[in-house]
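The structure appears below as structure tokens.
These numbers were taken from a predicted model, which means no experiment stands behind them.
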Amino acid sequence: MASSGAQISKPKWDETIDEFRALGGVADNIEHGVGALGRGLLLSDPSTPAQIAVPENLLIDVDDVVFQKGQFRIKKDANVPDRERAFFESFENELSWGDGGHSECESYLESVDKLPIAIREALSRDVGLTLPWSTGMSDERIQRRFIRSRSITYEGRRKLMPVLELVNHGVEGCKFKFEKGISIAGSFESEMLAHYGLYDPYGVLDNWGFSSAEPVAFSIPAVLTVDSHRLVISRKLTNSAVRGPFRVPTVERDGNTFRISFMMLGHADYPRLSKGIFYQLMEDIGQQNAEALFDEVRRFNIQKFLSVLELLDEHQGPLIVTLRQMCRQQIAAITHSIGTRKIDG
């Protein structure tokens with residue numbers, strides 16, 4: 001979520017953090033700087049844990065945001081106290097949106113627009129990737145991109161979170177804690193990192209535009225027919241149910257048609273889990289050919305990403321490199337499905 005502008009001056013950073021704390025925020029052992037992932041939040045003392053907590057009064061609903069003459073503003077009729085409003089607008093205009101956030105989003109959208117038509121069509125048709133396709137740049141498009149890349153769901157609403165939005169993503173990063181606000185805390189080697197959520201490499205690129213070697217892979221959206229059975233797969237990761245210690249997809253059956261909200265194909269940390277969940281769900285609805293169904297979905301996904309890779313090999317550019325990395329990382333994650341296990345519940 002961090003941007004790539006010029007480094008913030010220490011006096012300005014200290015002033016911002018002082019006001020953040022005065023409004024109820026927690027910011028321990030962090031300072032703004034440039035790390036291996038670009039601009040982010042580094043540790044003042046790597047031998048000591050770091051913590052950031054954004055209280056509820058500083059979580060701003062994205063529907064309360066407006067841009068006026070290029071400046072980030074909170075709508076006049078928004079239920080936001082004056083001091084919080086002043087802090088948030090200052091933070092965004094001087095340290096986030098106005099200090100790299102705008103230019104970063106514009107640069108990314110330009111790279112998307114430069115993709116050849118054949119690649120755009122393949123990404124949409126073959127793997128269902130929903131990059132911000134458009135024709136031409138506009139302030140509104142850049143602003144939408146910024147809001148999407150910086151917002152997070154809190155109690156069913158998309159919110160912006162000052163200071164915490166500057167933390168970069170890392171596979172080994174800390175998970176967000178949602179309790180009377182949003183926070184992360186932990187020990188780090190040099191830079192504070194957050195894990196943005198349960199995403200595979202495909203999902204990370206779809207949401208934030210960079211590649212990340214995530215341990216898990218979910219199927220792309222698909223409609224497949226195997227042995228006269230029709231399997232309709234979505235990527236609705238929040239549409240789930242609890243099964244023992246696991247969250248599993250929902251499954252609906254209508255004759256020979258099965259609809260599954262999402263389908264995990266591999267997990268490096270739990271290689272027996274993907275088949276275990278799918279086989280159990282198929283058993284629950286009386287479906288006998290679960291192994292053939294799973295293998296066909298796995299084969300379908302791998303072939304689609306291989307076909308995209310083959311097309312990308314003919315082109316160059318930073319986003320092309322990122323797309324190649326994502327395809328390889330997604331295939332690698334899919335391969336982590338060995339054996340099966342029983343699901344309690």
Tell me, with the steps shown, if Glu291 and Lys275 meet salt bridge (charged side-chain N to carboxylate O under 4.0 Å, His left out). CA-CA 8 Å; Glu291 183 176 2; Lys275 288 182 180 178; 5.9 Å; no
Is it the case that atom CZ in Phe67 sees more than 12 heavy atoms from other parts of the structure closer than 6.0 Å? yes
Can you tell if the side chain of Glu89 reaches within under 4.5 Å of the side chain of Val80, non-hydrogen atoms only? no
Is there a donor-acceptor contact under 3.5 Å from the side chain of Ser274 to the main chain of Gly266? yes
Within the distance-only criterion (no hydrogens, no angle test), does the side chain of Arg150 pair as donor or acceptor with the backbone N or O of Leu166 below 3.5 angstrom? no
For the student: nearest non-hydrogen atoms of Ala268 and Pro271, plus distance: O-CD, 3.9 Å
Answer yes or no: is there a donor N or O on one side and an acceptor on the other, between the side chain of Arg253 and the main chain of Gly255, under 3.5 Å? yes
Do the charged groups of Glu140 and Arg144 touch, with an N to O distance under 4.0 Å? yes
Are the side chains of Phe278 and Met264 in touch, meaning some heavy atoms are under 4.5 Å apart? no
Side-chain (Arg85) to main-chain (Asn79) donor-acceptor, under 3.5 angstrom: no
Are Asp63 and Arg157 ion-paired here, with the side-chain N under 4.0 Å from a carboxylate O? yes
Heavy atoms of other groups near Arg259 CZ, more than 12 under 6.0 Å: no
Taking the six-membered ring for Trp and the single ring otherwise, decide whether the centroids of Phe72 and Phe88 are under 6.0 Å apart. yes
Given the rule that I, L, V, M, F, W and Y join up when any side-chain heavy atoms are under 4.5 Å apart, are Leu306 and Leu123 in one cluster? yes
Give a yes or no on whether a salt bridge exists between Lys159 and Glu56, defined as a side-chain N under 4.0 angstrom from a carboxylate O. no
Treating Ile, Leu, Val, Met, Phe, Trp and Tyr as nodes and any side-chain heavy-atom pair under 4.5 angstrom as an edge, say whether Val232 and Leu281 lie in one connected cluster. no
Heavy-atom side-chain proximity of Tyr196 to Val167 below 4.5 angstrom: no
Can you tell me if Thr340 uses its side chain to pair, donor with acceptor, with the backbone of Gly276 under 3.5 Å? yes
Please work out which of the three classes, parallel, tilted or perpendicular, describes the rings of Trp97 and Phe146, given edges at 30° and 60°. perpendicular
Quick check: closest heavy atoms across Ser211 and Met326, and the distance to 0.1 Å? CB-N, 4.2 Å
Hey, does Ile152 have a side-chain heavy atom less than 4.5 Å from the side chain of Phe178? yes
Keeping Asn29 on the side-chain end and Thr48 on the backbone end, is there a donor-acceptor pair under 3.5 Å? yes
Given 3.5 Å as the limit, does a donor-acceptor pair link the side chain of Ser107 with the main chain of Ser103, or not? no
Closer than 3.5 angstrom, by distance alone: can the side chain of Ser90 be matched with the main-chain N or O of Ala86 as a donor-acceptor pair? no
Quick one: closest heavy-atom pair of Asn168 and Gly38, and the distance? ND2-O, 4.2 Å
Nearest 0.5 angstrom please: Glu172 CD to Leu193 CG, how far? 9.5 Å
Can you check side chain to side chain contact (heavy atoms under 4.5 Å, CB included) on Val163 and Leu58, steps first, answer last? CA-CA 10 Å; Val163 182; Leu58 289 179; over 6 Å; no
Leu265/Asn301 under side chain to side chain contact (heavy atoms under 4.5 Å, CB included): CA gap, chis, key distance, verdict: CA-CA 9 Å; Leu265 297 179; Asn301 275 259; 3.5 Å; yes
CZ of Arg299 to NZ of Lys304: how many Å apart, nearest 0.5 Å? 9.0 Å
Is it the case that over 12 heavy atoms from other parts of the model lie below 6.0 angstrom from the CD atom of Glu252? no
Spacing of Asp45 atom CG and Glu31 atom CD [to the nearest 0.5 Å]: 10.0 Å
Within 6.0 Å of CD in Gln71, more than 12 heavy atoms from elsewhere: yes
In this structure, CG of Asp99 is separated from NE2 of His32 (nearest 0.5 Å) by 7.0 Å
CG (Leu160) and OG (Ser96) are apart, to the nearest 0.5 Å, by 8.5 Å
Which heavy-atom pair separates Arg272 from Ile338 by the least distance, and what is that distance? CG-O, 3.0 Å
For Asn239, does its backbone N or O pair with a side-chain atom of Ser261 as donor and acceptor, under 3.5 Å? yes
Between the side chains of Arg158 and Thr153, does any donor sit under 3.5 Å from an acceptor? yes
Looking at Asp113 and Arg141, does any basic side-chain N land under 4.0 Å from a carboxylate oxygen? yes
Should Pro162 and Ile60 count as side-chain neighbours, where that means a heavy-atom distance under 4.5 Å? no
Evaluate whether atom CD of Glu110 has more than 12 neighbouring non-hydrogen atoms of other residues, nucleotides or ligands under 6.0 angstrom away. yes
Kindly indicate whether the side chain of Ile320, heavy atoms from C-beta on, has any atom under 4.5 Å from the side chain of Leu115. yes
Verify the neighbour count for atom CG of Asp313: are there more than 12 heavy atoms of other residues, nucleotides or ligands below 6.0 Å? yes
d(Leu59 CG, Ile182 CD1) to nearest 0.5 Å is 4.5 Å
Phe20 and Leu42: same hydrophobic cluster, using ILVMFWY side-chain contacts below 4.5 Å? no
Answer yes or no: is there a side-chain heavy-atom contact under 4.5 Å between Trp13 and Ile30? yes
Does any part of the side chain of Leu293, heavy atoms only, come nearer than 4.5 Å to the side chain of Asp227, both counted from C-beta? no
Run the numbers on Arg324 and Val321 for side chain to side chain contact (heavy atoms under 4.5 Å, CB included), then give the verdict. CA-CA 5 Å; Arg324 284 197 198 106; Val321 172; 4.0 Å; yes
Kindly list each side-chain donor-acceptor pair under 3.5 angstrom involving residues 328-335, sequence neighbours excluded, with atom names and distances?
from, atom 1, to, atom 2, distance (Å)
Gln329, OE1, Ser212, N, 3.2
Gln330, OE1, Tyr202, N, 3.1
Gln330, NE2, Asp200, OD2, 3.0
Gln330, NE2, Phe218, O, 3.2
Thr335, OG1, Ala332, O, 2.5

Between Asp206 (side chain) and Thr130 (backbone), is there a donor-acceptor pair under 3.5 Å? yes
Is there a side chain to side chain contact (heavy atoms under 4.5 Å, CB included) between Gln280 and Phe246? Walk through the geometry before answering. CA-CA 12 Å; Gln280 186 63 62; Phe246 306 108; over 6 Å; no
Side-chain donor-acceptor contact under 3.5 Å, His169 with Glu214: yes
Counting only heavy atoms not in Asp82, do more than 12 sit closer than 6.0 Å to its CG atom? no
Hydrophobic cluster membership, Val66 vs Phe87, 4.5 Å side-chain cutoff: no
If you take all heavy atoms of Gly181 and Tyr154, which pair is closest and at what distance? N-OH, 3.0 Å
If I compare all heavy atoms of Ala22 with all of Arg83, which pair ends up nearest, and what's the gap? CB-NH2, 3.5 Å
Applying the 4.5 Å side-chain criterion to the ILVMFWY set and letting contacts propagate, would Ile220 and Leu129 be lumped into a single cluster? yes
